[in-house]
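First the structure, in the form of structure tokens, and then the observations on it.
Per chain, numbering begins at 1; letters A, B, ... match sequence-line order.
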Amino acid sequence: MPLPPKLTRAFFDRSVHKVAPELIGATLMVGGVGGVIVEVEAYHHTDPASHSFGGPTPRNTVMFGPPGFAYVYRSYGIHWCLNFVCEREGSASAVLIRALEPTEGLAAMRRRRGVAEARALCSGPGKLCEALGVTVKHNGLAFDRAPFELRARVGKPEIVVGPRIGITKAVDEPWRYGLKGSRFLSKPFP
DNA sequence: TGGGCGATTCGCT
DNA sequence: GCGAATCGCCCAC
């Protein structure tokens, strides 16, 4: 059976609220290591919780560039978080990748993470960056070129929706998307 | 130029 | 469930 088609930069040149749910079930690989995306969050440019809300800064420059590129930032001084930049038109929106179901490169993930259980490898934005070896070196790289490989979902998975995690602004907006019934989520949906 | 603060994780209770 | 770890970013002084 052939692999699903690779996603193109045009896929990301749409509203973050359309792109985010369509990423559930897609396959994300970094250097041959990765799996199926099971959880994401949307950050729109009109959203007070978005890093781009206050305008361009050195950190968020990539968000104000063209869609289809990686925005990687440091969280709590410790972890890295990976985003897809969306929507070109004078805006700055992105999708945060929060959890994967690991399918390729399990040994590399276990080595990087220092844990054995598959559920603990990629069940959180910081965890999956560690497992896939994503750092600030990937900030500004295109998703349709190495080391990234992104393939479309197969069929239409059942999607659950809920409020986003760990933020203090716009906390009630239901812009977190997950694969229904997945055991690899960072947290259960309410 | 300095202090407060985070799109988190992990270990201990 | 709660709090520490940890540091770059960002804005107010």
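- Regarding A:Lys187, its NZ atom lies at a distance of 13 Å from the P atom of B:dA7, rounded to whole Å.
- For A:Phe53 and C:dC11, the CZ to P distance is 12 Å, given to the nearest whole Å.
- By the 5.5 angstrom centroid cut-off and the 30-degree plane limit, A:Tyr43 is classified as stacked against the base of B:dA7.
- In this structure, A:Arg164 places its CZ atom 15 Å from P of B:dG6, rounding to the nearest Å.
- For the pair A:Arg176 and A:Phe189, the cation-pi criterion (under 6.0 Å, within 45° of the ring axis) is fulfilled.
- In this structure, A:Leu96 reaches the bases: a heavy-atom distance under 4.0 Å links it to at least one base atom across the strands shown.
- Summarising the geometry, the separation between OH on A:Tyr71 and P on C:dG8 is reported as 15 Å, rounded to the nearest angstrom.
- Residues A:Tyr43, A:Val62, A:Phe64, A:Phe69, A:Tyr71, A:Tyr73, A:Val85, A:Leu96, A:Ile167, A:Val171 make up the rest of the hydrophobic cluster containing A:Met63, defined by ILVMFWY side-chain heavy atoms closer than 4.5 Å, directly or through other members.
- The side chain of A:Met63 has B:dA7 as its nearest neighbour among B:dA7, C:dC9, B:dT9.
- Comparing atom distances between the A:Arg113 side chain and each of B:dA7, B:dC10, B:dT8 picks out B:dC10 as nearest.
- Comparing A:Arg74 and A:Val115, the nucleotide of DNA chain B nearest to each residue sits closer to the 5' end for A:Arg74.
- A salt bridge links A:Glu22 with A:Arg14; the closest basic N to acidic carboxylate O contact falls under 4.0 Å.
- One N or O donor and one acceptor, one from the side chain of A:Tyr73 and one from the base of B:dA7, sit under 3.5 Å apart.
- B:dC5 and C:dG3 have their C1' atoms separated by 16 Å, with the value rounded to a whole Å.
- In this structure, A:Trp80 atom CH2 and C:dC9 atom C1' are separated by 12 Å, rounded to whole Å.
- Proximity of A:Lys127 to the phosphate of B:dC10: a side-chain N or O atom is located under 4.0 Å from OP1 or OP2.
- An OP1 or OP2 oxygen of B:dT8 is reached within less than 4.0 angstrom by a side-chain nitrogen or oxygen of A:Arg98.
- Side-chain atoms of A:Arg112 come within 3.5 Å of backbone N or O of A:Ala131 as a donor-acceptor pair.
- One P atom belongs to B:dG4, the other to C:dA4, and the distance between them is 16 Å to the nearest Å.
- With hydrogens and angles disregarded, a donor-acceptor distance shorter than 3.5 Å links the side chain of A:Asn60 to the backbone of A:Gly55.
- Rounded to whole Å, the distance from CD on A:Glu130 to P on C:dT6 is 14 Å.
- Of the candidate nucleotides B:dC10, B:dG6, C:dC10, C:dC10 has the atom nearest to the side chain of A:Pro58.
- In this structure, CD1 of A:Ile165 is placed 9 Å from P of B:dT9, rounded to the nearest angstrom.
- Between A:Thr57 and C:dC10 there is a side-chain N or O to OP1 or OP2 distance below 4.0 Å.
- In this structure, A:Tyr76 atom OH and C:dC9 atom C1' are separated by 14 Å, rounded to whole Å.
- Residue A:Arg59 places at least one side-chain N or O under 4.0 Å from the OP1 or OP2 atom of C:dC10.
- The shortest distance between side-chain heavy atoms of A:Pro163 and A:Asp172 does not fall below 4.5 Å.
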Exercise for the section: Using a 3.5 Å limit on both pairing distances, list the dot-bracket string of DNA chain B from the 5' end; Watson-Crick and G-U wobble pairs count, crossing pairs take [ ], interstrand pairs take |. Expected result: ||||||.|||||.
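- Using a 4.5 Å cut-off on side-chain heavy atoms (C-beta onward), A:Val36 and A:Thr103 make contact.
- Remark: A:Glu41 does not engage A:Arg164 in a salt bridge, criterion side-chain N to carboxylate O under 4.0 Å.
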